[in-house]
There are 2 protein chains.
Amino acid sequence: MSLRFALLGLLAVEPASGYDLKRAISRSTYFIWNATGPQIYNTLHKLREEGCITSRSLAQDGKPDKQIHTITARGRARLEEFMSEPIRASVTRDEVLLRIFFGNFASKKVIRRELGSYLERIRRERAYMEATEARINAHPGSKHEARRFQLLSLRIKVAQYRAMEQELVRFLGDGDRETRLVKLRRHRRGASAKNTLRIAGSTRLVRNRSN
Amino acid sequence: MSLRFALLGLLAVEPASGYDLKRAISRSTYFIWNATGPQIYNTLHKLREEGCITSRSLAQDGKPDKQIHTITARGRARLEEFMSEPIRASVTRDEVLLRIFFGNFASKKVIRRELGSYLERIRRERAYMEATEARINAHPGSKHEARRFQLLSLRIKVAQYRAMEQELVRFLGDGDRETRLVKLRRHRRGASAKNTLRIAGSTRLVRNRSN
DNA sequence: CGCATATAGTAAAGTACTTACCTATGAAAG
DNA sequence: CTTTCATAGGTAAGTACTTTACTATATGCG
């Protein structure tokens with residue numbers, strides 16, 4: 001549903017082709033909303049049918065023709081309408097957390113390897129995003145409202161990555177060369193009990209919630 | 001795709017009906033992977049066709065019959081196979097961040113109101129999750145591997161919420177009674193420049209990335 | 001008594017997303 | 001000098017997921 005609005009938001013800045021939008025997304029909103037080519041083209045077709053954008057063909061030499069899409073007044077209205085709606089409970093669908101949640105179904109070796117390489121990946125990603133943030137901040141003239149919000153979303157994502165990294169490092173017991181943290185060895189009190197996770201049982205991991 | 005594995009993961013603990021699974025998900029994995037009724041039933045049908053689960057009817061008195069689904073050896077193999085695959089670049093699809101990214105298309109009042117109420121929501125959610133975590137930790141006998149991983153995913157989500165809260169509080173200028181943080185007022189050097197965000201232009205927010 | 005809620009689902013329709021493929025150009029690699 | 005890669009611009013088909021609505025029975029609430 002929201003890809004519509006990501007596209008409208010980008011088109012509200014300037015007209016673009018489907019391909020331009022694809023690149024724009026992989027450059028600017030990739031950490032928020034990713035979309036593949038077909039999805040973008042499909043959504044553009046729908047937006048056109050709904051009268052939110054208009055399209056005109058532009059012949060190019062050496063390249064295929066492209067369709068330039070321009071946002072209409074109706075499209076702008078839809079965008080503002082979307083932005084004024086209350087924020088829905090975000091659809092939680094996190095494959096990484098799912099893998100962790102069911103981590104006991106993989107061998108210890110495999111899960112350490114997978115979480116380790118995931119940690120490396122988000123560390124690189126975060127470093128890159130932080131460099132971007134620094135670059136934008138060092139760059140004066142960023143007083144545009146648009147940029148302020150873009151920076152905020154970037155900062156939030158960075159903070160979330162950092163939080164995840166900390167938890168992963170703690171879990172993996174700092175088997176890494178970069179952080180050199182003090183290894184926490186907690187004395188485990190070796191108690192035993194019979195309360196395990198029961199799917200529909202009494203020891204709930206979290207509360208019962210309607211819907 | 002991963003709902004299959006969430007269901008298999010839950011069924012690997014104990015057999016359950018579709019309804020049980022729905023409740024289990026809204027109790028235990030709701031912060032990771034949510035699913036609606038029809039989706040669960042559909043996926044169960046597919047899993048049965050694939051031979052990953054078997055189902056038998058169980059008559060109950062006072063209630064409708066239910067179908068108890070049990071994971072098969074094949075299902076367990078599929079689950080372990082899934083768990084051994086490399087973690088894919090997680091599909092980023094965050095409506096909240098999208099709303100923030102395009103925040104300039106809403107009025108200041110609206111965005112402050114929406115972010116404020118979102119902040120309240122995740123604060124409550126986090127408090128609840130932390131209470132759950134404390135309850136589980138206070139509860140010895142949690143030496144089960146399964147529970148360790150469940151706790152880890154819970155902790156990661158909590159840490160991510162906390163990170164987001166901090167950024168939101170900072171952005172909203174601490175108009176809240178709970179945290180009483182020192183208001184950071186940064187002296188802005190009032191420079192001007194003409195480099196704005198151009199969608200396909202040279203001042204990229206982030207790098208160009210394949211795919 | 002009537003209504004809400006919990007139980008245990010099915011049906012149908014639509015939206016969102018993925019995988020695989022196609023055409024064509026131009027530049028670099030061998 | 002031709003195969004391969006990267007860029008440009010897209011389509012077709014299929015899978016995954018959501019929404020809405022519907023069918024039943026039983027239990028508790030006021």
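Below, chains carry the letters A, B, ... as their sequence lines are ordered, and counting in each starts from 1.
- F82(B) is linked by a ring-ring contact (aromatic ring centres under 6.0 Å, His included) to F5(B), counting only residues two or more places apart in sequence or in another chain.
- Taking the charged nitrogens against the carboxylate oxygens, R148(B) and E145(B) do have a contact shorter than 4.0 Å, which makes a salt bridge.
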Enumerate all atom pairs, one protein N or O and one N or O from nucleotides 10-15 of chain D, separated by less than 3.5 Å.
unit_1  : atom_1 : unit_2 : atom_2 : d
dT11(D) : OP2    : H45(A) : NE2    : 3.3

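- For R23(A), counting side-chain heavy atoms from C-beta on, the closest listed nucleotide (dC17(C), dT7(C), dA8(D)) is dA8(D).
- For the pair I87(B) and E114(A), the tightest heavy-atom approach, listed with the atom from each and the gap, is N-OE1, 3.0 Å.
- At whole-Å resolution of the value, CZ in R48(B) and P in dG9(C) are 10 Å apart.
- Residue W33(A) contributes atom CH2, which lies 9 Å from atom C1' of dA16(C) at whole-angstrom precision.
- Salt bridge absent: K46(B) and E49(B) never bring a charged side-chain N and a carboxylate O closer than 4.0 Å.
- The nearest whole Å value for the distance from the NZ atom in K22(B) to the P atom in dA6(C) is 11 Å.
- Look at R93(B) and you won't find any side-chain N or O under 4.0 angstrom from OP1 or OP2 of dA16(C).
- Computed from coordinates, the D94(A) CG to dC17(D) P distance equals 14 Å when rounded to whole Å.
- Residue pairs satisfying the side chain to side chain donor-acceptor pair (under 3.5 Å) criterion with at least one member in residues 73-85 of chain B, sequence neighbours excluded, are listed as follows: E50(B)-R78(B).
- Residues Q67(B) and S17(B) bring no donor and acceptor atom of their side chains to less than 3.5 Å of each other.
- Nucleotide dA16(C) holds its P atom 17 Å from the CG atom of N34(A), rounded to whole Å.
- Take F149(B) and apply the ring-ring contact (aromatic ring centres under 6.0 Å, His included) test, not counting sequence neighbours, and it matches F171(A).
- Every residue two or more places apart in sequence or in another chain that forms a salt bridge (Lys or Arg N to Asp or Glu O under 4.0 Å) with R162(A) is listed here: E130(A).
- For the helix from dC1(C)-dG30(D) to dG30(C)-dC1(D), the rotation axes defined at the first and last 5 base pairs enclose an angle of 30°, given to the nearest 10°.
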